[in-house]
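Structure first, then comments.
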Amino acid sequence: MDARIDTQQLASDNYAGICPEAFDSLLLANAGHAVAYGQDAWSQQAKQALRDIFETDCEVHFVFNGTAANSLALSAICQSYHSVICHELAHIETDECGGPEFFSNGSKLLLGEGADGKLTPASVEAIFGRRSDIHYPKPQAVSITQATEVGTVYTPDELTALGACARRLDLHLHMDGARFANAVAALGVRPREISWQAGIDVLCFGGTKNGLAIGEAVVFFKRELARDFAYRCKQAGQLASKMRFVSAPWLGLLANGTWLRNARHANALARQLAAGLENLPGVQQLFPVEANSVFITLPESVIAALRQQGWRFYTFIGAGGVRLMTSWSTSESAVHAFISALRRALAETAQGQPPGERTQSPRGLLVRLARSAR
């Protein structure tokens with residue numbers, strides 16, 4: 001049994017710790033003194049490592065988190081009178097507290113539709129053609145989320161079509177890639193195939209959800225958009241004085257394919273979780289499981305029983321339902337324990353017994369479930 005089963009949760013990949021490779025690089029960076037404000041050797045090497053990953057001469061900036069990455073990237077593209085076309089479930093719309101609007105001094109988000117959380121060229125064109133008068137915020141960018149907020153993945157063909165659409169309409173294309181690594185792993189493609197080759201101008205490449213403690217990379221493939229971006233980062237409080245501690249862990253994450261192994265593991269555990277939930281009474285899968293999240297519907301009584309047992313998960317993300325996330329460190333024991341807990345809650349509800357009545361404590365229950373799942 002995994003000794004950590006009582007501490008592992010499926011609520012978010014943000015719950016996971018630092019992967020060993022990133023932690024080792026962080027420790028190495030702690031030796032001696034280094035130049036401040038990103039002029040250190042670690043930061044320069046990490047930027048080059050990202051250029052190598054994407055196989056192009058891109059400009060790279062490190063920031064603390066995804067909200068800053070997306071908001072500052074879009075502010076570099078848009079003026080206050082501009083607008084950004086995105087899916088109605090996009091993270092920049094639902095979960096960033098108006099950050100993109102704030103940092104761009106008011107650029108409006110225009111919301112489009114699309115199945116499985118994905119924006120389509122038709123939706124973009126419909127929004128773009130809605131109005132062109134001076135009384136309406138002028139569309140300037142399209143923003144897409146990869147993987148999406150409901151765990152689906154844009155294919156290279158879908159991205160290429162969106163890229164062509166953006167170019168045809170003279171719009172810039174931004175990608176929120178908080179889980180870009182999971183998308184690359186799911187598709188089995190080279191990073192360039194679903195980034196700059198598909199028409200992406202700027203990518204916010206997520207590191208935190210893939211094994212870092214903190215830090216995202218804003219990668220400008222269209223380098224002219226990065227003009228004065230360093231000043232934006234400074235003004236927004238995103239210029240770390242000891243930047244090497246933000247950038248150095250990237251070296252451990254990117255070396256020897258660690259980032260892809262982490263993403264593949266998370267994706268595989270999500271598929272295993274989804275398979276274990278198939279055909280359970282009262283459980284319905286809401287979206288295809290393509291990255292590292294599983295969305296399901298559950299009876300309210302069962303949700304209450306699972307929470308009483310100590311399980312944590314969100315029910316307001318994306319299109320609703322229960323969201324279950326796996327990470328680079330999620331164990332098979334944790335997945336089996338959750339499936340067993342859900343089976344128990346469903347059985348108790350079906351029998352009319354108050355769910356979780358015999359539960360002693362969250363820790364004790366999770367340990368016992370892990371043993372029964374072995």
Side-chain angles (χ1 to χ4, degrees), residues 14 16-73 75-76 175 177-181 184-185 190-192 195-196 200-263 328-329:
N14 287 325
I18 312 172
C19 71
E21 296 84 353
F23 196 77
D24 288 345
S25 288
L26 181 63
L27 290 176
L28 288 173
N30 196 38
H33 287 204
V35 182
Y37 299 109
Q39 301 304 308
D40 59 280
W42 300 97
S43 295
Q44 303 312 308
Q45 291 170 19
K47 290 179 180 182
Q48 185 57 49
L50 282 162
R51 295 184 187 109
D52 293 342
I53 289 290
F54 287 102
E55 304 176 72
T56 191
D57 185 24
C58 47
E59 182 163 341
V60 180
H61 294 263
F62 296 109
V63 297
F64 293 115
N65 57 38
T67 297
N70 288 328
S71 300
L72 292 174
S75 74
M175 177 179 282
R179 298 185 178 93
F180 181 80
V184 173
R190 300 178 77 89
R192 61 186 167 95
S195 56
W196 60 271
I200 306 301
D201 294 317
V202 56
L203 163 69
C204 297
F205 187 8
T208 309
K209 293 175 172 61
N210 192 228
L212 298 187
I214 192 170
E216 316 289 294
V218 184
V219 183
F220 287 92
F221 301 112
K222 199 169 195 176
R223 294 179 67 100
E224 58 265 33
L225 294 177
R227 181 181 178 184
D228 292 340
F229 192 74
Y231 288 88
R232 292 184 185 276
C233 291
K234 172 61 178 179
Q235 189 179 64
Q238 294 296 313
L239 177 61
S241 54
K242 297 184 179 181
M243 183 66 81
R244 70 186 187 275
F245 297 119
V246 177
S247 58
W250 278 95
L251 291 174
L253 187 67
L254 296 175
N256 303 314
T258 297
W259 67 290
L260 274 179
R261 286 197 301 276
N262 286 352
W328 71 268
S329 66

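Side chains are part of it too, since the values below use all heavy atoms of this structure and drop only hydrogens, waters and symmetry mates. Sequential numbering from 1 along the given sequence is applied to the chain's residues. Please read these numbers as outputs of a predicted model, since none were measured by experiment.
- Heavy-atom minimum distance, A76 versus F229: CB-CD1, 3.9 Å.
- Using a 4.5 Å heavy-atom cutoff, the side chains of N262 and L253 are in contact.
- The NZ atom of K242 sits 13.5 Å away from the OG atom of S247 when rounded to the nearest 0.5 Å.
- Taking CZ of R190 as the start and CD1 of I53 as the end, the distance is 9.5 Å to the nearest 0.5 Å.
- Side-chain contact between L50 and F62: present, with at least one pair of heavy atoms (C-beta onward) separated by less than 4.5 Å.
- The heavy-atom pair separating A185 from A263 by the smallest distance is CB-CB, 3.8 Å.
- Classification of the F54-F221 ring pair by plane angle, with boundaries at 30° and 60°, yields perpendicular.
- Between V246 and G215, the closest heavy-atom pair is CG1-CA, 4.2 Å.
- The closest side-chain heavy-atom distance from F220 to H61 is below 4.5 Å.
- Separating the CD1 atom in I214 from the OG1 atom in T208 is a distance of 6.5 Å, to the nearest 0.5 Å.
- The shortest distance between side-chain heavy atoms of N70 and E216 does not fall below 4.5 Å.
- Judged as a side-chain hydrogen bond (donor to acceptor under 3.5 Å, both in side chains), the pairs with a partner in residues 28-42 (not counting sequence neighbours) are, in order, D40-S43.
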Given the rule in the side chain to side chain contact (heavy atoms under 4.5 Å, CB included) test, do V202 and K222 qualify, once you have shown the distances and angles that lead to the verdict?
-> CA-CA 7 Å; V202 56; K222 199 169 195 176; over 6 Å; no

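- One finds the CG atom of D52 at 9.0 Å from the SG atom of C58 (value rounded to the nearest 0.5 Å).
- Among all heavy-atom pairs drawn from M243 and G38, the shortest one is CB-N, 3.4 Å.
- Here the SG atom belonging to C204 is positioned 10.5 Å from the CG atom belonging to N65, to the nearest 0.5 angstrom.
- The distance from the CZ atom of R179 to the CG atom of N210 is 11.0 Å, given to the nearest 0.5 Å.
- Considering only heavy atoms from C-beta on, V218 stays 4.5 Å or farther from L72 through its side chain.
- For the pair T258 and C19, the minimum side-chain heavy-atom distance is below 4.5 Å.
- Between A46 and W250, the shortest heavy-atom contact is CB-CB, 4.2 Å.
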Verdict with reasoning, V184 to L260, per side chain to side chain contact (heavy atoms under 4.5 Å, CB included) | CA-CA 8 Å; V184 173; L260 274 179; 3.7 Å; yes

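- Side chain of R223 to backbone of D57: a donor-acceptor contact under 3.5 angstrom is found.
- Residue E55 places its CD atom among more than 12 non-hydrogen atoms of other residues, nucleotides or ligands, all under 6.0 Å distant.
- Between A248 and A29 the shortest heavy-atom distance is CB-CB, 3.6 Å.
- Remark: the backbone N or O of F64 is paired with a side-chain donor or acceptor of Q238 at under 3.5 angstrom.
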